[in-house]
Amino acid sequence: MTNITAVQAANSTETLESSLKKPLLGVNIDHVATLRQARGVNYPSPLAAALLCEQAGADGITIHLREDRRHIQDADVYEIAEQLTTRMNLEIAATTEMLEIARKVKPFWVCLVPEKRAELTTEGGLNVAGQMPWLTDYIAKLQAVGIKVSLFIDPEDKQIAAAVTCGADAIELHTGAYAEAGLAGNIDKMNAELTRIKQAVRTTQDANSNMLINAGHGLTRDNVHAIAQIDGIYELNIGHALIADAVFVGLEQAVIMMKNAMYESA
């Protein structure tokens with residue numbers, strides 16, 4: 001992984017919710033289920049992984065119930081929801097089927113994400129601006145049963161404005177372009193993307209000071225610190241890199257190491 005100590009984060013205006021100074025860590029455990037599904041067995045257990053992450057200091061657990069059920073299964077969602085001591089962030093596509101499941105499970109958060117059957121992972125943010133009537137109604141139906149709703153979007157003004165108009169409780173800024181630039185060793189591009197994310201935070205704060213701002217996708221111990229230092233970021237959701245670290249150091253230690261990377265000086 002690329003050393004990015006040259007990438008420095010600058011301060012921006014604090015929001016009410018980000019006055020904690022340090023962003024929370026949500027751990028995505030999808031790829032524990034990926035390993036299980038590769039052999040069609042009943043191990044490793046996503047539930048056991050979720051509980052270990054909580055014990056190690058995770059502030060929440062993220063799982064993505066995809067339409068193709070390639071990793072997390074319906075039974076996982078219900079089982080994990082019953083036993084978490086923190087909170088569940090359930091990622092779903094904005095479909096009728098997923099709406100019904102979410103309204104039954106009632107996770108603390110639902111994060112609406114785009115989905116393509118052939119993709120290896122989520123390739124970009126949700127086009128909120130292009131489907132505002134549907135998403136406005138969809139969000140309201142989730143909120144009606146007490147679920148908070150986040151929208152996974154690219155750091156673009158029009159998507160931020162649409163998310164605010166739709167009535168979402170939070171956005172999650174897609175950090176994939178930032179992460180990919182780092183992996184390619186393109187520090188100029190990485191800095192440009194970091195600046196774009198910072199500006200998106202400021203734009204969101206100006207549009208709605210009560211909206212929470214999360215971020216995630218492609219974040220690793222090598223690149224997370226600069227994102228974690230942006231004032232206004234409430235939570236980071238991290239999965240693949242953390243689970244990859246766990247192969248070598250164990251899941252609990254991987255959570256601790258990620259939190260250290262987030263908070264300690266570069």
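Heavy-atom basis, side chains included; hydrogens, waters and symmetry copies ignored.
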Min side-chain heavy-atom separation [X]-[Y] under 4.5 Å:
X	Y	value
Met88	Trp109	no
Val255	Glu252	no
Ile72	Asp30	yes
Val128	Cys166	yes
Asp76	His71	no
Ile147	Pro107	yes
Arg70	Thr34	no
Leu242	Leu251	yes

Connected via hydrophobic side-chain network under 4.5 Å: [X] and [Y]:
X	Y	value
Leu99	Ile101	yes
Met132	Leu151	no
Tyr263	Ile230	yes
Ile61	Leu35	no
Val32	Leu47	yes

Enter the distance from [X]:[atom1] to [Y]:[atom2] here, rounded to the nearest 0.5 Å.
X	Y	atom1	atom2	value
Glu91	Cys111	CD	SG	5.0 Å
Leu24	Ile233	CG	CD1	11.5 Å
Ile227	Leu219	CD1	CG	6.0 Å

Between [X] and [Y], a side-chain donor and acceptor under 3.5 Å:
X	Y	answer
Asn28	Thr62	no
Glu172	Ser150	no
Thr195	Gln199	no

Exactly one of Val113, Ile171, Leu135 clears side-chain contact (heavy atoms from CB on, under 4.5 Å) with Leu126, and that residue is Leu135
**Request:** Could you please spell out the steps behind the salt bridge (Lys or Arg N to Asp or Glu O under 4.0 Å) verdict for Asp206 and Arg202?
**Result:** CA-CA 6 Å; Asp206 290 341; Arg202 290 192 291 268; over 6 Å; no
Salt bridge check: are [X] and [Y] linked by an N-O gap of less than 4.0 Å?
X	Y	value
Lys148	Glu235	no
Arg196	Glu193	yes
Asp74	Lys104	no

I would like to know whether Asp59 and Lys259 meet salt bridge (Lys or Arg N to Asp or Glu O under 4.0 Å); could you show each step before the answer? CA-CA 10 Å; Asp59 300 295; Lys259 277 203 157 184; 3.3 Å; yes
Show, in sequence, the C-alpha distance, side-chain angles and deciding distance for Tyr234 and Ile213, and conclude whether the side chain to side chain contact (heavy atoms under 4.5 Å, CB included) test is met. CA-CA 5 Å; Tyr234 179 74; Ile213 306 168; 5.6 Å; no
Would a distance-only check, ignoring hydrogens and angles, find a side-chain to backbone donor-acceptor pair under 3.5 Å from [X] to [Y]?
X	Y	result
His225	Ala261	yes
Arg39	Gln37	no
Asn186	Ala181	no

Determine the minimum heavy-atom distance between [X] and [Y], stating which atoms define it.
X	Y	answer
Ile197	Tyr178	CD1-CB, 4.0 Å
Gly218	Ala179	O-CB, 3.2 Å
Asp231	Gln205	O-NE2, 4.0 Å

Test side chain to side chain contact (heavy atoms under 4.5 Å, CB included) applied to Phe108 and Asn89, step by step:
CA-CA 6 Å; Phe108 191 89; Asn89 175 35; over 6 Å; no
Exercise for review: Carefully, step by step, assess Gln143 and Asp169 under the rule side chain to side chain contact (heavy atoms under 4.5 Å, CB included).
Suggested key: CA-CA 9 Å; Gln143 292 171 333; Asp169 300 288; 3.0 Å; yes
(request) Look at the rings of His174 and Phe152 and say which category their plane angle falls in: under 30° parallel, 30 to 60° tilted, over 60° perpendicular. (result) perpendicular
